[in-house]
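Everything on this sheet refers to the single structure shown next.
Along the sequence shown, residues carry numbers from 1. Because the structure is predicted, anything quoted here is derived from the model rather than measured.
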Amino acid sequence: MERPYQLYTSEIPGKGIGYLVLEKPEYLETAVEELVNQGALRIFATGALAEGERDGLSISMAHCMLIMERKLTDLSAPEGRLRLLPLTRDMASIYIQLHNESFYSVANAATIHRSELEKLLRPQERSGIVWLETRPVGIYDCILEGTSPLIDGIGLIKGVHGQGLGRELLRSVLTMLREEGFDSCHLLVSTANQAAFTLYRTEGFLVTEKKSTWYEVRRTYVL
């Protein structure tokens, strides 16, 4: 018999964060106990939950994951400071390092490993490294499936924040997708990532769906 919840533990070793998808609320305490036993210091859960306290646990709404879409018309041209170069096998280590550094503090962002290289190099994937002059400073990843491609991730390392490069990177990716022949695109963003959420809205993206609601679950007792 399959248990009515799923645990995601890959972020526990590096970040101390465990994730839980819960189908039946009566299994919350059991699932939380499993994650704690595997080393989780913080737990985020989605599914059959509501804010409040129960069974020695405090449940508080953390953020929502939203789908946003934009037509690829009336695009603003990027300034030209950044270069987007496609991912190659020999640059895989740099891509992985940049990705993990760029998304380390982003809610629900997963650490990637070299095992994911084949996915990133698929014909329908547009992944690559963002360069500022001679320095690699970020990554981009788009999946060209269906009529509206997914911007699966764009990110810059902290050292270059505050220079307007995030907006330029987004505009560069939108231009790339339009040149691929697409009329629209979509992405997934957390409301906890206010900087990205605000950027997307000011660049013409509209919320079309709430994908999920995530709660932070904390123990209110000490063993």
Side-chain angles (χ1 to χ4, degrees), residues 5-6 8 11 17 19-23 25 44-51 59-79 82 84 87 99 102-112 116 119-120 122-128 130 138-156 161 164-217:
Y5 56 87
Q6 292 176 286
Y8 296 89
E11 298 304 306
I17 299 177
Y19 293 95
L20 163 65
V21 177
L22 188 70
E23 297 176 18
F44 293 91
T46 189
L49 289 165
E51 288 191 292
I59 306 165
S60 57
M61 207 279 276
H63 61 95
C64 295
M65 297 300 296
L66 305 176
I67 295 177
M68 304 185 77
E69 296 186 4
R70 190 201 198 282
K71 296 290 185 183
L72 295 175
T73 54
D74 302 319
L75 297 182
S76 298
E79 294 180 39
L82 299 176
L84 276 55
L87 177 63
H99 178 284
S102 298
F103 291 99
Y104 183 84
S105 300
V106 176
N108 282 45
T111 304
I112 67 168
E116 294 169 65
K119 170 190 173 295
L120 294 168
R122 296 181 304 166
Q124 66 268 43
E125 203 104 2
R126 295 295 182 272
S127 301
V130 181
I139 63 93
Y140 64 94
D141 179 26
C142 302
I143 302 175
L144 311 189
E145 294 179 340
T147 58
S148 177
L150 168 67
I151 300 177
D152 202 28
I154 58 172
L156 296 168
H161 288 187
L165 295 175
R167 190 176 302 276
E168 180 173 343
L169 173 55
L170 176 60
R171 291 177 176 180
S172 298
V173 169
L174 294 177
T175 300
M176 177 187 72
L177 293 176
R178 185 178 62 184
E179 291 174 350
E180 291 271 1
F182 293 98
D183 297 323
S184 66
C185 66
H186 66 288
L187 52 80
L188 190 65
V189 64
S190 166
T191 55
N193 190 352
Q194 278 297 315
F197 188 36
T198 299
L199 171 62
Y200 297 145
R201 285 186 295 179
T202 58
E203 287 295 311
F205 281 84
L206 300 175
V207 176
T208 57
E209 181 183 344
K210 182 168 73 172
K211 188 72 173 178
S212 58
T213 300
W214 288 83
Y215 300 85
E216 184 162 11
V217 183

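- A donor atom on one side chain and an acceptor atom on the other are found under 3.5 Å apart for Asn108 and His63.
- You'll find the side chain of Phe205 stays beyond 4.5 Å of the side chain of Val189, heavy atoms only.
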**Item:** Audit row: Ser190, Val106, side-chain contact (heavy atoms from CB on, under 4.5 Å) steps and yes/no
**Value:** CA-CA 8 Å; Ser190 166; Val106 176; 5.7 Å; no
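- Closest of all the heavy-atom pairs between Ala50 and Ile59 is O-CG2, 3.4 Å.
- Side-chain atoms of Ser184 never come within 3.5 Å of backbone atoms of Ser148 as a donor-acceptor pair (strictly under, hydrogens ignored).
- When all heavy atoms are compared, the tightest approach of Tyr215 to Leu49 is OH-O, 3.6 Å.
- When atom types are taken as modelled, the side chain of Thr198 and the backbone of Ala195 share no donor-acceptor pair closer than 3.5 angstrom.
- Rounding to the nearest 0.5 angstrom, the gap separating the CD1 atom in Ile143 from the CG atom in Leu187 is 12.0 Å.
- Closest of all the heavy-atom pairs between Leu169 and Val130 is CD1-CG2, 3.5 Å.
- The CG atom of Leu150 sits 8.0 Å away from atom CG of Asp141, with the distance rounded to the nearest 0.5 Å.
- Counting heavy atoms from C-beta outward, Val207 and Phe197 have side chains that approach closer than 4.5 Å.
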**Item:** Worked check of ring-ring contact (aromatic ring centres under 6.0 Å, His included) between Tyr19 and Tyr8
**Value:** CA-CA 5 Å; Tyr19 293 95; Tyr8 296 89; 7.7 Å; no
**Message:** Between Val173 and Ile151, is the side-chain contact (heavy atoms from CB on, under 4.5 Å) condition met? List the steps.
**Reply:** CA-CA 8 Å; Val173 169; Ile151 300 177; 4.1 Å; yes
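- The nearest pair of heavy atoms linking Gly138 to Ser102 is CA-OG, 4.5 Å.
- Atoms SG and CE, from Cys142 and Met176 in turn, are 4.0 Å apart once rounded to the nearest 0.5 Å.
- In terms of modelled atom types and a separation under 3.5 Å, the side chain of Glu168 and the main chain of Leu82 share a donor-acceptor contact.
- Residues passing the salt bridge (charged side-chain N to carboxylate O under 4.0 Å, His left out) test with Glu125 are Lys119, Arg122, sequence neighbours excluded.
- A donor-acceptor contact shorter than 3.5 Å links the side chain of Glu51 to the backbone of Met61.
- With a 4.5 Å cut-off on side-chain heavy atoms, Leu170 and Tyr200 count as touching.
- The OG1 atom of Thr111 sits 8.0 Å away from atom OH of Tyr104, with the distance rounded to the nearest 0.5 Å.
- No side-chain heavy atom of Thr147 sits less than 4.5 Å from a side-chain heavy atom of Asp183.
- Between Phe182 and Leu72, the shortest heavy-atom contact is O-CD1, 3.4 Å.
- Nearest heavy atoms, Leu156 versus His161: O-NE2, 3.0 Å.
- Note that CG of Leu120 and CZ of Arg126 are 13.0 Å apart. Values are rounded to the nearest 0.5 Å.
- Under the 4.0 Å criterion applied to side-chain N and carboxylate O atoms, Arg70 and Glu203 are not assigned as salt-bridge partners.
- Distance SG/Cys185 to CD/Glu180: 12.5 Å, rounded to 0.5 Å.
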